[in-house]
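Each ligand, and each atom within it, is numbered from 1 in the order the structure gives. FYI, side chains are in, hydrogens and waters are out, and symmetry mates aren't considered; it's all heavy atoms of this structure.
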Amino acid sequence: MSASISGFSKLSKTKKIDWIVDTYFSNSEDAKSILKQYWNNDVKLQQLHDEFIENTISNYYLPFGVAPNFLINKKIYTIPMAIEESSVVAAASKAAKFWMDRGGFKTKVISTTKIGQVHFMFYGNVDKLKKFFKTVKPKLIKDVASITKNMEKRGGGIIDIELRDKTKDINGYYQLHVSFETLDAMGANFINSCLEQFAKTFKNEGLLFDGFSEEEKNIKIVMSILSNYVPDCLVRAEVSCKVEDLNEDKNITAEEYASKFIQAVNIAEVEPYRAVTHNKGIMNGIDAVVLATGNDFRAIEAGVHAYASRHGKYSSLSHAKVENGIFTFWMEIPLALGTVGGLTGLHPLVKLALELLHHPSAKELMQIVAVAGLAQNFAALRSLTTTGIQEGHMKMHLMNILNQLEANNEEKQIIIERFKTQAISHSAVVDAIHNLRTKN
Ligand code: HMG
């Protein structure tokens with residue numbers, strides 16, 4: 001059967017679903033009822049979700065959890081997290097509780113500059129291009145005045161425009177490399193609108209510039225777009241305590257633990273196979289808060305991983321040391337986040353998440369998100385270097401296994417109790433449920 005269709009986007013939601021279930025599913029009624037099961041009864045709320053994206057046929061739920069007890073710069077937060085993976089929220093909460101008694105997390109926003117670029121081709125004399133750029137720069141800024149007016153009133157706007165020669169990489173390739181301050185907005189629309197206006201002005205003024213030959217006047221704009229690489233939108237998060245205060249686990253001394261922990265971080269600094277997993281653990285915390293607060297986790301992921309490769313080799317985002325008996329664990333990470341605009345004013349749960357965080361500014365949110373990442377990394381490394389990851393992970397994953405096995409509440413209670421003293425594995429839980437059911 002042909003599975004292509006023209007004009008799908010123009011169909012009503014009902015007709016879209018009809019086409020999908022009839023084309024792809026052996027039991028179209030079952031498929032339809034699963035899709036409808038996730039619709040919201042509140043018609044207005046459902047419509048809001050339908051209109052977030054295109055061709056919406058249902059909602060895809062993620063659990064929305066909270067991790068309490070985060071002491072950040074002497075203020076206590078409960079952090080909202082939207083994530084599907086078991087043990088992440090528990091790990092964050094456990095790390096928060098641990099550091100609460102040891103001075104908490106200290107954070108600092110280092111810089112907040114965002115970048116956008118107009119990419120263009122020019123095959124003429126570079127000195128003439130530089131002269132043209134100098135002449136046209138004030139007009140570039142003047143022509144975006146209507147777009148930047150409100151942002152400037154709030155203290156943000158365009159920081160600078162540079163002409164960058166990239167002809168060593170591609171013949172004829174140059175950029176207008178623009179830096180922005182977008183304050184509490186992530187700023188994607190603002191930046192892209194400015195860039196598209198820069199491109200228009202640059203192209204049009206080029207046609208009129210006396211210093212160019214007829215050929216040189218034809219500057220070819222390739223594209224105008226913000227960059228999700230934001231190495232100058234940087235935040236630092238840190239925890240520290242006396243080595244002896246790390247003593248929590250009876251099976252290992254505090255000194256041994258600190259030393260193993262630092263070795264684990266050092267390995268992630270030099271070994272890309274380990275660094276990717278190490279940073280994945282950090283992103284467990286980062287993405288969950290980024291999602292809960294309505295920010296763009298794809299942009300954050302792309303920017304963070306590029307940053308982790310900035311020295312030419314993929315490496316750990318976090319670092320650890322012991323100096324003068326003090327254990328310090330820290331991370332600097334690029335995070336371009338917004339607390340106004342985008343989903344932040346639209347999605348009811350995002351609004352709730354921001355209220356839970358005391359309506360943070362973008363700078364405050366950068367610090368909270370970085371802390372969630374560091375806490376997550378701390379919890380994972382602590383497990384990895386002591387009990388191993390599976391013990392805690394499987395403890396949290398037990399409920400998923402029980403749900404897969406369609407255990408009822410009574411069975412769940414019995415099995416959870418039994419596995420408090422027994423190692424959890426998928427097969428051990430299957431056997432336990434089987435034994436329980438055959439006994440009854
Ligand atoms: P535990 O010591 O067995 O927990 O740790 P506990 O029952 O003694 O409770 C201690 C505290 O942990 C609790 O305090 C909570 O804060 C938290 P309380 O609330 O009682 O005052 N906690 C929970 N919070 C919510 N719901 C729960 C819960 N249980 C404990 N059910 C724990 C258990 C899982 C926390 C621990 O083993 C741990 O931190 N493990 C690490 C888990 C982890 O990192 N998971 C991420 C997924 S694995 C991964 O993808 C990344 C990785 O590959 C990255 C890397 O390689 O670096 C590992």
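Centroid-to-centroid, the aromatic rings of Tyr229 and Tyr307 stay 6.0 Å apart or farther. A centroid separation of 6.0 Å or more is found between the aromatic rings of Tyr60 and Tyr38. His397 has its ring centre no less than 6.0 Å from the ring centre of His426. Between Phe327 and Phe261, the gap from one ring centroid to the other is short of 6.0 Å. Note: Trp99 and Phe378 meet the aromatic proximity criterion, with ring centroids under 6.0 Å apart. The distance between the ring centers of His347 and Phe52 falls below 6.0 angstrom.
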For ligand 1, run through the N/O pairs with the protein that fall under 3.5 Å and put one pair on each line.
from	atom 1	to	atom 2	distance (Å)
ligand 1	2 (O)	Lys94	NZ	2.5
ligand 1	3 (O)	Lys395	NZ	2.6
ligand 1	7 (O)	Lys395	NZ	3.2
ligand 1	14 (O)	Lys97	NZ	3.2
ligand 1	21 (O)	Lys97	NZ	2.7
ligand 1	40 (N)	Ser383	OG	3.1
ligand 1	45 (N)	Ser87	OG	2.7
ligand 1	50 (O)	Glu85	OE2	3.1
ligand 1	50 (O)	Lys280	NZ	2.8
ligand 1	50 (O)	Asn284	ND2	3.4
ligand 1	56 (O)	Arg274	NH1	2.8
ligand 1	56 (O)	Arg274	NH2	3.4
ligand 1	57 (O)	Arg274	NH2	2.8

